[in-house]
> 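Before anything else, here's the structure in question.
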Amino acid sequence: MSYDLIIIGGGIAGSAAALRAAQNHLKVAWVLGDKTTAKRSRGLWVANIDNMVGIHDGIVKEKLLKALKGERFQEAREVLQQLPPQPISTRDLIRNTQQRIQEEFSDFVDEYGKVADSVEREGENGPFRVRGKDLDLSAPFMILATGVMDRQPIVRKTHKGEEVAQPNWVYPFANRESFLYCLRCEGHLTSGSKTAVIGHGESAAQLAMMLHERYESVCCVLTNGEAPAWKPESQRLLDQYGVGVHRQAIVDLQGRAGDLHAIVLEDGKEVPVSFALVSLGLYRVYNELACQLNAELADPGQPEDERHVLISHKGETSVPGLFSVGDMTKRQGEPVMKQVYTAQEYAVRAVDTIDSRLRAARRSAVLAESGQV
């Protein structure tokens, strides 16, 4: 099937691109992936988007309280006032965007809950072709929004008499936002609480120092059995700030219902904490499809599956007509900004650029048909 645009990725960036394209009345094929790709999404761990203006459950509660006026709604207002905070997650935003598209723009967006196995381009400037199981799509433009996955700490926990070393022990705490992954997004949550940074590189030391300087919340760095690899100057600052370093492996996480109470080390020491900020780098960037089209990657010297896709300020890769948005990208000369709002912003930039080019081509065709070119 032929479209104006193919979008691959069902996360924040992909959904923002699909909504903007639908609003621009482009004919779009949106390849969301399946349950397998959904499980590897970084957005799975973002349980509470509270660092964005306008994304807060308090707005909804206030509107409901205003709507429930009058004596007959008194009981409902009282129940509403007593409700605990209802955090808004990335999955909430994605589901809402999908609902809006299905209700308002179903004529413009075809959704495919399938995996794109391969992409190619027909000729130097021809359309892009996407193939997969029961999937064969074509369009002159394509947006990749396939994301990244963070490296998780391995916990050597004894389970049923056997040591099971795996990252799975972390997931219940990540889902409840006790394990954090982004200082910009979640650092403010640690204010007034004890926080451990898990990592052994320079970035771990820098994050520990920033937590101390901003929130006075960091209590230690846990290297989880690895030797510290940060600069001597960073160690001196950690010493001055009173931030301890524990090198023992992590063998247990204590807490109930995902609320972290302590991290247990192999020497038996229990480190009382409410949060852990993970600083282990990326497990991988899902750049396979970009590589199939020979798009240029950033981060030279790094393993290929950890390299971001290099893009322009409008989100275009080195392959004309191929755009990439979200966490998988990096712009020349800029730091990587893995934020919900930057993913949405660059998704909109990419779609508007594509829309502009499509309209310019249509205008030229109209003039050519009228003999005025």
Side-chain angles (χ1 to χ4, degrees), residues 10-20 22-23 32 35 38-39 41-106 109 111 170-195 211 214-215 217 253-261 273-277 326 338-345 347-348:
I12 283 289
S15 61
L19 178 60
R20 184 65 168 190
Q23 291 170 336
L32 291 89
K35 292 182 179 179
K39 287 181 179 179
S41 168
R42 172 186 256 202
L44 195 66
W45 315 111
V46 185
N48 184 15
I49 304 174
D50 64 349
N51 68 324
M52 288 180 62
V53 175
I55 304 295
H56 196 272
D57 68 305
I59 295 175
V60 177
K61 181 179 286 188
E62 182 180 359
K63 283 185 171 293
L64 288 174
L65 287 170
K66 287 182 178 179
L68 296 172
K69 292 180 179 180
E71 186 175 340
R72 62 182 177 140
F73 293 123
Q74 177 63 31
E75 186 176 341
R77 288 199 303 273
E78 291 175 359
V79 171
L80 187 59
Q81 289 281 26
Q82 294 171 6
L83 283 177
Q86 303 294 311
I88 298 173
S89 70
T90 55
R91 283 174 284 182
D92 292 329
L93 293 185
I94 294 165
R95 279 195 297 265
N96 178 257
T97 301
Q98 205 170 354
Q99 289 169 358
R100 291 172 63 188
I101 290 173
Q102 291 168 354
E103 292 171 3
E104 302 174 41
F105 303 105
S106 60
V109 180
E111 296 180 9
V170 170
Y171 299 158
F173 298 95
N175 287 336
R176 283 299 298 271
E177 214 171 18
S178 293
F179 266 63
L180 311 176
Y181 297 87
C182 176
L183 182 72
R184 290 189 179 99
C185 300
E186 304 165 312
H188 63 282
L189 299 176
T190 70
S191 183
S193 303
K194 290 185 177 180
T195 304
L211 282 174
R214 287 182 180 176
Y215 313 113
S217 59
L253 305 172
Q254 294 184 350
R256 297 184 62 184
D259 291 327
L260 186 63
H261 298 157
V273 291
S274 298
F275 296 99
L277 179 61
K338 295 174 180 176
Q339 303 278 292
V340 169
Y341 44 83
T342 51
Q344 292 175 329
E345 175 193 353
V348 169

> Testing the basics here: between Leu189 and Phe275, what is the closest heavy-atom pair and its distance to 0.1 Å?
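Shortest heavy-atom contact: O-CE1, 3.5 Å.
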> Whether the Ser274 and Ser193 side chains hold a donor-acceptor pair (N or O, under 3.5 Å, no angle test) is what I'd like checked.
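Per modelled atom types, Ser274 and Ser193 side chains form no pair under 3.5 Å.
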> Are the side chain of Gln344 and the backbone N or O of Ile12 linked by a donor-acceptor pair below 3.5 Å?
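No; zero donor-acceptor contacts below 3.5 Å.
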> Just by modelled atom types, is the His188 backbone N or O under 3.5 Å from a matching donor or acceptor in the Ser191 side chain?
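Answer holds: no.
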> Got Glu111 and Gln102 here, is their nearest side-chain heavy-atom distance under 4.5 Å?
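Of all side-chain heavy-atom pairs linking Gln102 with Glu111, at least one is under 4.5 Å.
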> Between the main-chain N or O of Phe105 and the side-chain N or O of Arg100, is there a donor-acceptor pair closer than 3.5 Å?
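Between the backbone of Phe105 and the side chain of Arg100 there is no qualifying donor-acceptor contact (under 3.5 Å).
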> CZ of Arg77 to CZ of Arg72: how many Å apart, nearest 0.5 Å?
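The distance works out to 11.0 Å.
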> Return yes if some donor-acceptor pair links the side-chain N/O of Glu62 with the main-chain N/O of Gly58 below 3.5 Å, else return no.
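Checking the backbone N and O of Gly58 against the side chain of Glu62, no donor-acceptor pair under 3.5 Å is found.
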> Pairing donors with acceptors under 3.5 angstrom, does anything connect the side chains of Glu78 and Gln74?
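A donor-acceptor contact under 3.5 Å links the two side chains.
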> Would you name the heavy atoms of Leu68 and Ala76 that are closest together and state the gap between them?
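Reported closest heavy-atom pair: CD1-CB, 4.1 Å.
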> Quick check for you: to the nearest 0.5 Å, what is the distance between Ile101 atom CD1 and Gln23 atom CD?
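Taking CD1 in Ile101 and CD in Gln23, the distance rounds to 8.5 Å.
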> What's the separation between atom NE2 in His261 and atom NZ in Lys194, rounded to the nearest 0.5 Å?
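Between His261 NE2 and Lys194 NZ, I get 13.5 Å after rounding to 0.5 Å.
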> Tell me, please, which residues at least two apart from Arg95 pass salt bridge (Lys or Arg N to Asp or Glu O under 4.0 Å).
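Here the qualifying residues are Asp92.
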> What's the separation between atom CZ in Arg214 and atom OG1 in Thr190, rounded to the nearest 0.5 Å?
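Arg214 CZ to Thr190 OG1: 10.0 Å, rounded to 0.5 Å.
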> Side chains of Tyr215 and Thr195, heavy atoms from C-beta outward: is any pair under 4.5 Å?
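Tyr215 does not reach Thr195 side chain to side chain.
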> Report the distance from atom OG of Ser15 to atom CG of Leu32, rounding to the nearest 0.5 Å.
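One gets 9.0 Å once the value is rounded to the nearest 0.5 Å.
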> Quick check for you: to the nearest 0.5 Å, what is the distance between Leu183 atom CG and Leu277 atom CG?
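Nearest 0.5 Å value for the CG-CG distance: 6.5 Å.
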> Shortest non-hydrogen contact from Gly54 to Ile59?
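Distance-wise, the nearest heavy atoms are O-CD1, 3.3 Å.
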> Identify the two heavy atoms, one from Lys61 and one from Gln81, that lie closest to each other, and give their separation to 0.1 Å.
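Heavy atoms only, the tightest pair is NZ-O, 4.2 Å.
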> Report yes if the side chains of Gln86 and Val60 come closer than 4.5 Å at any heavy-atom pair, otherwise no.
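No; the side chains remain at least 4.5 Å from each other.
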> Can you name the nearest heavy-atom pair linking Asp259 to Ser178, along with the distance?
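Reported closest heavy-atom pair: CA-OG, 3.6 Å.
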> Identify the heavy atoms of Tyr181 and Ala174 that sit nearest to each other, and give their distance.
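Here Tyr181 and Ala174 meet closest at OH-CB, 3.7 Å.
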